[in-house]
Amino acid sequence: MQHEFAGQVAVVTGAARGLGKAVAALLGARGAMVILLDMDKAALEATAQELRGKGHSISVACLDAGNEDELAALRRRIETENGRLDVLVNNAGGWRYGRAREIALSDWEWTFRTNVTVPFLTTRALMDLMVPRNYGRIVNVASTDAYRPKPKLPHYAAAKAAVVSLTKSLAEELAPHQILVNGVSPGPIATETAKQQGWLAERAKSVPLGRIAEPEDIAEVILFLASPRNRYIVGETIIANGGMLMV
């Protein structure tokens, strides 16, 4: 597996930190040329510098993936500089807490834009780099929250459920072109932000494995779905949460 992505080009959204950074690091370590996409320029450059220091082939794209013009420019850039795209990981997302009666319409719309519209637009903009070559792997990051009641995050849970559904629809459309679209639904992840918030130890008590996932635990699942080793999984969303939710 050390060089399983050799010669491939990958785009990872939300790549400046957390799960996206872990995915980009593994892709780079296994031979891919990785384009890091994020809106946080400072964090993006810091991550790029760190990964280049490890010998990975890294490029950056600081843009709003909800902006079709910026995505079109990215597509043209990839065509010119790389001539191909093999892997797209739609990792970017976010949430804002609130119960139904408290949620402002602007927060509801922001949540769906960030978690559903962005991966849809990114996929639509970049999939045509895969279609002519009859090869591609697209992985969407959903959430365990898509499958259970979340009274403090109903907009986020609904948006991630939409990601699961979107994954199936895109998978059926693109499968004839040998582009495999799948998803991953993580539970809590021990990102730097989560560690600073201090809730990981208590949350781990509800995980049958007895610990919260490290970003690399989820990144490995994503990399399998994104790799040539995945030859026949299409339209599925893998639940990876240490046994918190078994369906």
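One-based numbering along the sequence shown. Atoms considered below: every heavy atom in the structure, side chains included; atoms not considered: hydrogens, waters and symmetry mates.
When hydrophobic side chains of Ile, Leu, Val, Met, Phe, Trp and Tyr are connected at separations under 4.5 Å, Trp95 ends up clustered with Tyr97, Leu153, Tyr156. Other residues sharing a hydrophobic cluster with Tyr232 under the 4.5 Å side-chain heavy-atom criterion for ILVMFWY residues do not exist; the residue is a singleton.
Neither side chain, Arg52 nor Ser57, offers a donor N or O lying under 3.5 Å from an acceptor on the other. Between the side chains of Thr123 and Asn90, at least one donor N or O lies within less than 3.5 Å of an accepting N or O. Using a 3.5 Å distance cut-off with no hydrogens or angles, the side chains of Asn91 and Thr13 do not pair a donor with an acceptor.
For the salt bridge (Lys or Arg N to Asp or Glu O under 4.0 Å) test, residues two or more places apart in sequence or in another chain that qualify with Asp86 are Arg84, Arg133. Scored by the ring-ring contact (aromatic ring centres under 6.0 Å, His included) test, Phe112 finds Trp108 as partners (sequence neighbours excluded). Applying the side-chain contact (heavy atoms from CB on, under 4.5 Å) test to Ala171 and every residue at least two apart in sequence or in another chain returns Val181, Val234.
No donor-acceptor pair closer than 3.5 Å links the side chain of Asn182 to the backbone N or O of Leu225. Side chain of Thr191 to main chain of Gly18: no donor-acceptor pair is present (N/O by atom type, distance under 3.5 Å, no hydrogens or angles). No side-chain donor-acceptor contact under 3.5 Å links Asn115 to the backbone of Gly93. Using modelled atom types, one side-chain atom of Ser206 and one backbone atom of Arg203 make a donor-acceptor pair closer than 3.5 Å.
Rounded to the nearest 0.5 Å, atoms CG (Leu63) and CE (Met39) are 8.5 Å apart. Note: Ser59 OG to Arg77 CZ = 3.5 Å, rounded to the nearest 0.5 Å. Taking CZ of Arg96 as the reference point, atom CG of Asp107 lies at 5.0 Å (rounded to 0.5 Å). Once rounded to the nearest 0.5 Å, the distance linking CZ of Phe224 with CD1 of Ile238 reads 8.5 Å.
Here the side chains of Leu36 and Val34 are in contact, with some heavy-atom distance below 4.5 Å. Counting only heavy atoms from C-beta outward, the side chains of Val11 and Ile78 approach each other to under 4.5 Å. Using a 4.5 Å heavy-atom threshold, the side chains of Asp40 and Arg17 count as touching.
Using a 4.0 Å cut-off between a side-chain N of Lys or Arg and a carboxylate O of Asp or Glu, Lys21 and Asp38 do not qualify as a salt bridge. Electrostatic pairing of Lys168 and Glu236 does not count as a salt bridge here, judged by no charged N lying under 4.0 Å from a carboxylate O.
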Working for side-chain contact (heavy atoms from CB on, under 4.5 Å), residues Leu74 and Leu37
CA-CA 10 Å; Leu74 175 63; Leu37 195 158; 3.6 Å; yes
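Within the structure, salt bridge (Lys or Arg N to Asp or Glu O under 4.0 Å) pairs that include any residue of residues 140-151 comprise Asp145-Arg148, Asp145-Lys150 (at least two apart or interchain).
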